[in-house]
Structure formats: C-alpha cells, structure tokens
Amino acid sequence: MSLAQVHHISAAAGDESAEGRFTAVGRGVTAALLAELEPLFAYVLPDGAPHRPTDAELRSLPQAFTYAVLSDGSRAVGRTAPARGESSAPVRFHTHAVHIPVGVPLPGDRLPVEAWRSPHWATVTPAGGASLSDPLGALPPGPAPVREGLDDFAVSRGPWLAAVLSDLRRASEEAAPAGGPVVLVERRSADVARWLGLAAVALPRESAERLTFTTYTRRPGSSALRVVGVAPEDAAAAREAGLRVHVCADRPPVEATGDVWARTAARVWRSRAPELFQEARGLPGDPFAAGPLAVVALCAGVGLGSEERAAAAAWAAERPYALDAKRTGQLVEALTSPGIDDRTGSEFDAVGRLFGALDGRCPAPVTAPLAAMLVTEAVRGGNGSLELPRRDAFVGPEGEAIAGVLGPEILTELESGAGGSRPVARTVQLLRVARLLGMNTRDLLPDVATRLATALLRETEAETEGPEGPEGYAGPGRPEEGAEAAAGPLRAAGTPGLTGSRGAPGPSGTPRTPGTPGPSGAARASGSAGTPAAPRPSGTAGSPAAPAFAPALLELLDEQFDVRTALLGALDRIAPEDPGAVARFLERVALPFTGTQALPHLRMCAEAPGAMTTLGRDRTALWHRILRAAGLSPFAEPLVLRTAAGLVWEDRAPTVEEARLLLEAATSDAHRAAGTWSRLADAALGAPADAEEAEALAHDLLRAFPQEIQGRERAALQLLALCRDLRTGAPEPGWADRVRTLRDRAAPLEPQVQERAFTALAERLLAPDRPGAELYAFVRSDDTDLIAAYDRAARTEPSRTRLRTQPAYAADCFTVWTAHPHVGPAWTTTAAALLEEVLRPAVRSMSAELVAEVEETVGRTGSSGRANAFRDWNRSRTLGRLGRRIVGRVRRG
C-alpha cells in the first residue's frame with residue numbers, strides 16, 4: 001500500500017509577514033489533519049545562526065525528525081530540515097512527512113525511528129508532487145538503518161545511559177506520564193535520534209511505538225510529544241519549565257538511577273550486545289523486570305552490578321524450570337565468579353533462594369559452587385540471614401575442600417574470648433556452619449554455650465528496653481500500684497526508695513540497680529504448658545515480638561541436640577543471677593526444654609508470667625507456685641530460693657511478713673548459699689516504723705547470719721534488735737549511749753529505723769523504772785534528735801494520761817525535768833517546755849489530794865528543797881522566775 005506524503009515550506013527566517021504553506025498533499029490527508037500537522041513542522045533557528053549561511057553552515061543546522069500520533073489515531077513521520085531559499089529569504093524550512101492511517105503498519109513492519117536515516121527524505125518539493133516513492137517504503141531490509149553505529153554511541157554515552165533509558169521506559173507507558181516530555185540535550189539532533197534508536201532496541205515493540213518524539217525543538221514546554229531534543233542553550237529553559245532534562249552534552253551525572261532494568265540495559269548496550277534484548281523478551285516475566293535481561297546478560301558474560309545479579313538470581317529462583325541445563329550452569333558460574341568483590345546481603349539472600357530452588361533439581365556439581373559461596377559468606381561476611389544449604393550439599397570432595405578452608409577460621413572465632421560481645425546471630429550461624437561442614441566442636445561447646453546464653457539475654461533486653469525501662473509485666477506490689485496493692489494476707493512493699501538497699505547480686509557479683517521492672521508476662525515458654533499468658537502492661541497489646549535471632553536459634557537447637565543441652569544448661573546456671581531477664585527472654589523465645597534435663601531455674605522463669613496472671617498480687621501463693629515449678633527442694637538446691645525471690649520481688653524488698661515466709665522456707669545455710677539473706681535484711685530495714693515484727697526479724701537475722709551481715713546494715717539491724725529489748729526485755733547497761741553509737745555506725749540510716757529506735761529509747765526513758773544512769777547519760781549527751789524524740793514521746797496522749805492519773809509518775813517527771821538545768825541548751829529548753837506545756841496542765845487537772853500526794857512524793861524521793869520548789873512552781877505562772885528559784889534552792893540544799 002502506498003502511504004500519502006505531505007510537503008510543507010515554512011516561513012522565511014525573520015520574515016514575520018510570510019506564512020508557511022503545504023506544497024504537496026497526498027490523497028486522503030484532510031484539511032483537519034493538515035491543520036494538526038502544521039504546528040508539528042514549525043521550526044525555529046538556533047541562537048546565533050547566520051542570516052545567509054554557507055552550504056556547510058546550512059548542513060550543520062539541526063534537523064527535526066518527528067513521529068506523532070494524531071487525534072484520529074493515525075500517525076505521521078516526517079523530517080524538517082533547513083533548505084536554501086530565494087534571495088529575499090535565504091533560508092527556508094522544508095518538511096517531508098508521511099501519513100500512516102489507523103491500523104496500517106509501517107512498510108516492512110518497521111518502527112518509526114528506523115526511518116531517520118532514510119536517503120529518500122526530500123529537501124525540496126518534488127516535481128511530481130507527493131507521488132514519488134516514500135522514504136519509509138524504500139528502507140533497506142534488516143536492522144542496519146537504525147543500529148548502525150549505536151554500539152559506539154552507547155559506549156560514548158555510558159554515564160547517561162541508565163538514567164535516560166529509565167525515563168524513556170516511563171515515557172513509553174500506555175498512559176502518557178504527567179509532567180511533560182523527556183528532554184534530551186545534545187549538540188547534534190542526530191544524536192537525539194540515536195538515543196531513540198537505543199530505546200527502540202531495548203524496549204518491547206508496543207512500548208517503542210508509543211514513544212512519540214522530535215529530535216529538535218526550541219519550545220519543549222509546549223510540546224505534546226513524549227520525547228524532545230533540544231540544543232544545549234535551551235536546557236535551562238526546559239529545567240525552568242519543570243521538565244525531566246538530561247544534558248548529555250555536559251558533565252556526567254553524579255547520582256545513579258534506582259531502575260535496575262535500566263541499569264541492566266545500560267550494561268548490555270555498553271557491552272555491545274543488543275541482541276540480548278530480544279533474547280530476554282523470550283523469557284517469562286514482566287517486560288521491564290530486570291531478572292530476565294540480567295539472566296541472559298550474565299549467561300553471555302556481561303558484567304553486572306550486585307543489584308542486577310540479585311535480580312537475576314531471584315528471577316531464576318522463582319522460575320528454575322525456565323532455564324535449560326546449559327544456561328543454568330552459565331548463570332551459576334557467573335554468580336559465583338571469584339572475581340566479584342561487591343556482593344551485597346540482598347544478592348546473597350537471592351543466591352540462597354536460587355540454591356534452594358536448584359538443590360535436588362540439578363546435579364550436585366552444578367549447585368556446589370552456590371553452596372560454597374553461601375557458606376563462605378556466612379563465615380567471612382557475617383551474613384546471619386542466609387539460608388544455609390542442607391548438610392548433604394557438601395558430601396564428597398567439595399565438602400572436604402571448603403571445610404579445610406573455613407574450618408580453622410570457624411574454630412578460631414568460636415574460641416575467641418570476644419564471644420561475650422558477639423551477636424547471637426553470628427554465633428548461631430557459626431555453629432550451624434560447623435555442623436554443616438562436619439566439624440567437631442565438642443570441646444568448645446561449654447564455653448560457647450555460656451557466652452551465647454549471656455548474649456541472648458543482652459540482646460533481648462536491648463530490644464525490650466524502652467523510654468521507661470524494659471516492657472513487660474510489672475510484677476506484683478509495684479509502688480505505682482498503691483501502698484496497699486497486695487491481695488490476700490500480704491501488704492504491699494515498704495516505702496518506695498528504701499526497698500532494696502543492695503538488691504540481689506547481678507551476674508557480675510555487683511549490686512543491681514533498684515527499680516528494674518520485673519519479668520514481663522505475656523506468652524510463656526514451652527515446658528510450662530497450661531498456664532495462661534499474663535496481661536501486657538498499659539500501652540502495649542498482644543504478645544511481645546520474638547527477637548530477630550529467634551528463628552535461626554530455634555532451628556539450631558532443633559538441628560543440634562548437644563548445642564541445645566549445653567545452652568539450656570548455661571541459661572539455667574545464669575537464671576539465679578538475673579531471673580527477670582531470663583523470664584523476659586523465655587516469653588519471647590519458646591525454648592524447647594521439656595526433655596530430661598532438670599533445669600529448675602528455667603522452669604521457674606517460664607512459670608512466673610502465667611503465675612502472675614493467675615494469682616495476681618498474692619505473692620505468698622506466687623512464691624509457693626514458682627518454687628513448686630522448680631521440681632527441687634531448696635534444701636537440695638538452695639539457689640532456687642534466689643531465683644524465686646528474684647521473680648516474685650525482682651529488685652524490691654519483701655514486706656516483713658514475706659521475709660518471715662522466706663526465712664522459714666529453708667535453713668539459714670540455704671539462704672546463705674543462695675544469697676537471699678540480703679533480701680531479708682532489706683525487708684527489716686525497709687519496714688514501716690509501725691511494723692512490729694521488724695524488730696524480731698532483725699534479731700533473728702543477726703543470729704542466723706552473723707558473718708554475712710556486716711557494716712552499716714549490721715549496725716542498723718542491731719539498732720532494731722535493741723528496740724525489741726527496750727520494749728520487751730532488759731537490755732544490757734549502756735543502752736542510751738548504744739543507741740547513739742549504732743545510729744552513727746548505720747549512717748545513712750533509714751528514717752523509719754531511726755524513728756523506731758528513738759521512739760523506743762524515749763519511751764523507755766519515760767518509764768518510772770528506767771535506770772538513773774541511762775537517763776543521766778541521755779541528758780548529758782544533749783543530742784538534739786534524741787531529745788526531740790523524747791519531747792514527742794512525752795507529749796503523747798498515753799504520757800499525758802499517766803501524768804494526770806498517777807501522782808508518783810508526775811512527781812518523777814518533775815524531778816527529772818528540773819534536775820539538770822545546765823547540761824546543755826537542747827535539754828534545758830526541752831525540759832522547761834515540758835514543765836510548762838505538759839506537766840502544768842496535768843497538775844492543774846488534779847484534785848487537791850492528788851496534788852498534795854505529788855508534792856509529798858517529790859519531797860520523799862528528793863529533798864525538802866525540791867518539795868518547796870514544786871510548791872512554788874505549782875503556784876508560779878512565770879517560767880523564768882521558777883527557773884531562778886529552782887536553781888537557788890538546789891544550790892542551798
């Protein structure tokens with residue numbers, strides 16, 4: 001079929017009055033189509049073009065080769081070129097175009113861009129009009145017209161290739177991308193045509209046919225075409241118009257495109273292998289997926305980057321049936337080439353998936369290089385996410401060879417003392433590879449398991465740690481739960497801030513910081529089935545997520561029984577030092593410890609979260625339930641006491657009643673071995689001032705642990721025990737001074753202990769049968785705090801009642817409060833105040849007979865002068881005059 005041709009002559013350059021005109025129009029081209037075509041043929045000379053160019057200058061002016069889709073669906077292909085005009089118009093612009101009706105292919109099923117080199121484009125209107133042979137039908141056969149010289153051009157434009165191909169791919173999509181055309185900036189319009197030639201070869205045919213273009217324009221912002229070429233002087237205007245601009249005539253771009261297909265296509269072009277594009281289109285998959293093109297490129301020996309190789313491996317892993325044996329071998333060889341040094345984690349992961357897809361499908365010699373590459377990366381690259389080959393992947397000489405290379409490295413690293421800080425995933429990977437290669441790690445396993453157990457807890461705590469401490473179940477009796485939080489017969493823990501002056505020792509033997517939250521209580525680990533999960537704390541939902549290392553760890557334990565046994569044993573040994581951390585770990589990683597190992601501490605840690613859910617804040621029941629979970633008696637394994645105490649109380653001190661429970665649960669030797677005696681001491685010292693059993697507990701602790709309790713804590717407990725003797729027994733002489741001595745030794749003393757001791761001392765000194773020597777020692781000390789406690793005790797209602805109802809007691813208090821007027825300011829001031837504010841109201845409330853009895857008792861126990869002093873004091877209303885009289889009469893007596 002003959003295609004209609006159109007010839008058009010534009011206006012002369014600089015002649016505003018002249019108009020362009022069609023000089024020849026083929027059959028079937030309507031006036032409406034001509035009106036649509038004419039703007040496409042508009043031509044503006046470049047800046048600086050000469051008014052009367054020479055023949056060479058005329059030939060050097062840019063030509064506009066255009067392909068457009070018209071409104072009726074038909075297409076037009078044409079070339080606009082400067083031509084010699086008349087004397088009045090030395091330069092004219094002649095357009096020769098071919099109109100292609102809807103549904104009619106180009107002759108020879110060509111692409112439009114293939115016609116840009118046709119020798120039949122006319123620069124003048126032919127004498128025969130538009131009936132001459134068209135430039136499309138006269139093209140020579142084969143791809144030579146478009147591909148000739150494109151390889152060299154692609155190599156010369158290497159830095160821009162990937163970015164331009166990526167944009168041209170997007171411009172060829174079925175729906176034209178928003179934002180205007182892609183702008184290619186070249187010094188020669190022919191180079192723009194070459195860019196379109198590169199795209200025509202790389203893109204699928206339907207995409208290339210949608211790529212409308214012109215190789216030269218001065219107005220890119222107003223163009224409806226998808227790709228336009230401009231000269232360098234118009235690049236700035238194109239950028240200002242917000243278009244996607246590629247200045248291919250300037251410095252190479254710095255940033256690489258993220259389009260993996262485009263990068264792969266660029267590598268193919270630079271390798272001068274355009275035939276691979278057609279080969280890749282014969283493979284299944286998306287036409288613009290990087291995988292198929294990367295596969296054929298690697299099989300052809302084209303060097304690709306890491307992401308492109310990863311795309312090839314991932315595609316082949318999904319479609320292992322799509323490649324024949326030859327191409328599969330070529331792909332494996334390319335992926336495992338020893339000359340590659342830029343492999344990334346994503347590439348190794350993709351290669352791992354490819355190995356999994358080929359393993360068992362292909363002969364072992366084909367997949368062995370992949371297995372060796374994966375294992376080498378696991379050891380040397382530290383990639384803990386790799387899916388390792390099966391153990392039988394290295395049966396034979398391949399396994400012996402790789403074991404001989406990697407075995408010493410694995411053993412050296414496992415033996416390294418730096419294993420305590422080695423990530424869990426790394427140790428797990430090394431142990432799995434060691435088994436894969438058939439290495440003997442039996443002698444290393446105990447130390448490796450201990451270090452691995454420590455790392456498991458460290459990484460779990462690091463993942464759990466939040467702005468307010470580790471997440472998880474807060475544990476019963478937290479201070480924030482209220483002063484009377486405990487359910488059942490137990491009270492909540494003592495005053496916040498005073499519970500746990502030392503706390504349970506940490507793994508290194510150093511005190512742990514009080515206030516660390518207790519074990520969280522969501523899901524329980526295996527081995528303690530049947531207990532529901534504990535509630536999550538406020539603000540969290542669901543069970544805690546497993547750490548990233550959990551799947552590989554559980555797979556390791558499932559594969560290697562000896563590792564599982566060693567690791568569980570190491571965790572069980574660590575648990576008494578930090579049971580809260582172990583419990584938090586077990587609720588996130590369900591370790592399989594339901595076998596024959598005893599593992600009492602692990603079983604207790606696994607029991608704790610569910611027990612907390614079931615029993616709430618009843619710590620008595622919680623204590624017994626956790627101890628039962630151990631399966632061992634504290635007499636046989638004293639450390640279960642430490643584990644149970646750490647799970648129930650974490651770093652808080654028990655109440656006095658709970659400490660009694662702990663003390664009676666086992667012998668002092670068991671508590672001594674477990675180190676739980678420190679919690680009992682904390683309970684006594686942190687008890688409220690009105691907790692009566694604290695004194696008896698202190699007495700028992702001093703008898704049970706005479707060597708363990710030393711220093712400040714010992715003095716504080718001795719002070720509590722002295723309080724017990726002051727109230728219920730006969731303390732050894734010198735107790736008034738001993739209170740002060742123990743107080744100083746116990747500094748900084750807990751406020752409630754000091755209050756209890758001072759109150760007991762004051763009450764004993766206010767008793768009628770107190771020894772005079774103790775009272776004298778007390779008064780002579782002039783200790784401000786002790787005298788203040790004495791003052792408070794004397795003003796209590798029981799003391800006031802006794803003064804009002806017992807004349808002998810009132811007489812005794814008068815004698816004491818007037819007997820030492822010069823010992824010191826604290827006592828003098830306090831005694832005077834007590835006489836005036838406590839004793840005087842009591843005496844005034846007595847009957848005359850009782851007052852006379854007081855006076856008679858004062859005289860009988862003291863002297864006649866003191867009886868007169870009482871008489872004068874009772875009549876006096878002025879404390880100062882009384883004081884002078886008392887002093888004078890005592891001196892005369």
- prompt: Do the side-chain N and O atoms of E658 and W649 include a donor-acceptor pair separated by under 3.5 angstrom?
  reply: yes

- request: Determine whether the side chains of S306 and E347 contain a donor N or O and an acceptor N or O closer than 3.5 Å.
  value: yes

Looking at [atom1] of [X] and [atom2] of [Y], how far apart are the two atoms once the value is rounded to the nearest 0.5 Å?
X: I410; Y: L431; atom1: CD1; atom2: CG; value: 9.5 Å
X: D259; Y: T264; atom1: CG; atom2: OG1; value: 8.5 Å
X: L354; Y: D359; atom1: CG; atom2: CG; value: 10.5 Å
X: T643; Y: E577; atom1: OG1; atom2: CD; value: 8.5 Å
X: E409; Y: T376; atom1: CD; atom2: OG1; value: 8.5 Å
X: L335; Y: F348; atom1: CG; atom2: CZ; value: 10.5 Å

message: Do the side chains of D342 and R309 get close enough for a salt bridge, i.e. N-O under 4.0 angstrom?
response: yes

task: Please step through salt bridge (charged side-chain N to carboxylate O under 4.0 Å, His left out) for the pair R432 and E559, ending with a clear verdict.
output: CA-CA 8 Å; R432 296 188 66 198; E559 292 173 350; 2.9 Å; yes

Counting distance only, does the side-chain N/O of [X] pair as donor-acceptor with the main-chain N or O of [Y] below 3.5 Å?
X: S416; Y: T412; result: no
X: S166; Y: A162; result: no
X: D669; Y: H671; result: no
X: R603; Y: A598; result: yes
X: R451; Y: L414; result: yes
X: R642; Y: P638; result: no
X: E708; Y: R672; result: no
X: E461; Y: R458; result: no

State, with a plain yes or no, whether a side-chain heavy atom of [X] is found less than 4.5 Å away from one of [Y].
X: F585; Y: V589; answer: yes
X: P547; Y: R588; answer: yes
X: R628; Y: E607; answer: no
X: L591; Y: L571; answer: yes
X: L323; Y: Q330; answer: no
X: R617; Y: M612; answer: no
X: L430; Y: E413; answer: yes
X: L662; Y: T676; answer: no

Write down the atom of [X], the atom of [Y], and the distance for their closest heavy-atom approach.
X: L602; Y: L568; value: CD1-O, 3.5 Å
X: A606; Y: F593; value: CB-CZ, 3.7 Å
X: A455; Y: R422; value: CB-O, 3.8 Å
X: A453; Y: A570; value: CB-CB, 3.9 Å
X: M604; Y: V640; value: CE-O, 3.2 Å
X: A581; Y: L457; value: O-CD2, 3.9 Å

message: Is there a side chain to side chain contact (heavy atoms under 4.5 Å, CB included) between R327 and V296? Walk through the geometry before answering.
response: CA-CA 8 Å; R327 191 171 277 175; V296 299; 4.3 Å; yes

field: Derivation and outcome, side chain to side chain contact (heavy atoms under 4.5 Å, CB included), residues T614 and L622
entry: CA-CA 9 Å; T614 305; L622 182 61; over 6 Å; no

- request: Verify side chain to side chain contact (heavy atoms under 4.5 Å, CB included) between L615 and W623, making sure each step is shown before the conclusion.
  value: CA-CA 10 Å; L615 303 175; W623 162 263; over 6 Å; no

task: Verify the neighbour count for atom CG of D324: are there more than 12 heavy atoms of other residues, nucleotides or ligands below 6.0 Å?
output: yes

- prompt: If you count the non-hydrogen atoms of other residues, nucleotides and ligands that lie under 6.0 Å from CD in E333, is the total more than 12?
  reply: no

- request: Report the C-alpha distance between D286 and W315 in whole Å, list the side-chain angles of each, state the deciding distance to 0.1 Å, and finish with yes or no for side chain to side chain contact (heavy atoms under 4.5 Å, CB included).
  value: CA-CA 11 Å; D286 185 271; W315 180 89; over 6 Å; no

